[in-house]
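One structure below.
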Protein chains: 2
Amino acid sequence: MPKNPPRPPGPPPRPRPALDEVDRLLVAELLRDGRAPNTALARAAGIAESTCLARVRALRERGIVTGVSAEVDLARLGLPVQAMVAVRFSGHLRADVDAFAEEVSALPGVVATYNISGANDFLVHVAAPSPEHLRDFVLDNLTGRPGVVQAETSLVFHVRRGTDVLST
Amino acid sequence: MPKNPPRPPGPPPRPRPALDEVDRLLVAELLRDGRAPNTALARAAGIAESTCLARVRALRERGIVTGVSAEVDLARLGLPVQAMVAVRFSGHLRADVDAFAEEVSALPGVVATYNISGANDFLVHVAAPSPEHLRDFVLDNLTGRPGVVQAETSLVFHVRRGTDVLST
DNA sequence: TATGAAAGCTACTATAG
DNA sequence: CTATAGTAGCTTTCATA
C-alpha cells in the first residue's frame, strides 16, 4: 500500500474535491424539481446520461443532496394556522438543548426547529388546524417543557421559499 | 342534464371533498421520499397502481402537493453560515410588504422568507459562505431597503425538519 | 471519469369489469 | 376502484476508451 506523500505547508487539503460547475447545476436543477428525470438532468448539464447518474449518486453519497421531499400546502392539508415560536432556555445544558430539538421535531405539527444564537434559543415552526390547537400545542409541548423559560408565538402569514439560494 | 338536488341547511359543502386516509398516507409518503415510485406508493397505500397514479395526480392538481424538491446540505455546498434575520418595517403598506417578500426571496443565499405577526414583520432565513458575506448581505439587502427600520441577525446553529408534521 | 448501447423498469394510457 | 396489457420513456449496467 503506497504511503501518502508529505503535504506542503498551507491550507489543509479538502477531503472532498470541491464541487464543479456541473455538480452545482445538477443541485440547482434538483432543487427546482426533485423529480427531474436523469435524462433531463443530463441534457441540462450537457453530459451523458450514465455520467449524470453517477454524478447525482455521488452527490447523495457525499451528503450534499440529503433527500428529496414533496412540498405541500399545509392549509389545504387541514393545517391553516402556522406559527413561529421563539423559545428561551434557562440552563443551556447541551443535553437539554439536543433533547429539545430532537423531541420537538418529532411532535405532530412541527415543520422544523431552528437552534439559534441570541436571546432566544430556538425557533419552532408549527402548523395547526386552528388557533386553539396552536395554543394547546404551545402550552402542552413547549411552555411546559423542563428548561423552557419563555415561549413567544408569532403567527406566520406567509412563507416564501428562496428561488436562488445557491448563487452566492 | 339533471339538476342538483336542493341542499339541506347546515354547514356549506366543501368545494373539495376532504382528504381521506389514503390521500394522507400518500402525502406522508411523498414527504418522506419525494421520488417514491408509483408502485411503492400503491403498495404502501394498499391500492391499485392506476388508482394511486390518479390520486397523486389529483393531489398535485388540487394544489395540495405543490412540488418536489431536493434537500441539500448547505454547508457542504459552500454555505456554512446560516442566519435568521428578524426584519422590522415602518410603514406596513401592503405594497411594501409584498415587494419585500418577493424581492428578498429572489436574492442569492435566501433560503426562505417568513411574513409574521408581532414586533418583527419578517424572518429571513439566509445562508452565506462566511460571516463577512452574511454581514454584507444584511447591510446591502435588508438594512438598506426602503421601509426597513431594523434588522436583527441570529446565527442558525442547526436546523431540524419535523418528522411528523401531518399527524395533527 | 466519461461514454454509448442494450436490457430491465416504470409511468402512463386505454380498456374492461 | 381494480385489473390487465401495451407503449413510450426512463434508469441502470457494462464494456470500452
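Order of the sequence lines fixes the chain letters, A, B, ..., with proteins taken first and strands second; residue numbering starts at 1 for each chain. Everything quoted here is computed from the prediction, not taken from an experiment.
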If you measure from OH on Y114(A) to CZ on F157(B), what distance do you get to the nearest 0.5 Å?
15.5 Å

d([atom1], [X]; [atom2], [N]) in whole Å:
X      : N       : atom1 : atom2 : result
D33(A) : dC10(D) : CG    : C1'   : 14 Å
R35(A) : dC10(D) : CZ    : C1'   : 12 Å
R55(A) : dT11(D) : CZ    : P     : 18 Å
L26(A) : dA2(C)  : CG    : C1'   : 14 Å
L53(A) : dT12(D) : CG    : P     : 5 Å
E61(A) : dT1(C)  : CD    : P     : 12 Å

Under 3.5 Å, is there a donor-acceptor pair linking the side chains of S105(A) and T113(A)?
yes

Touch class at under 4.0 angstrom, heavy-atom based, for N38(B) against every strand present:
sugar-phosphate

Under 4.0 Å between any heavy atoms, over every strand shown, what does E49(A) touch: base, sugar-phosphate, or nothing? Just pick one.
base

Other cluster members, L53(A) - Ile/Leu/Val/Met/Phe/Trp/Tyr, side-chain contacts below 4.5 Å
none

Could you work out which one of dT12(D), dT13(C), dA11(C) sits closest to the side chain of T39(B)?
dA11(C)

Less than 4.0 angstrom between a side-chain N/O of [X] and OP1 or OP2 of [N], yes or no?
X      : N       : result
R43(B) : dT10(C) : no
R57(B) : dA11(C) : no
T51(A) : dT3(C)  : yes

Between T66(B) and V72(A), is there a side-chain heavy-atom distance shorter than 4.5 Å?
no

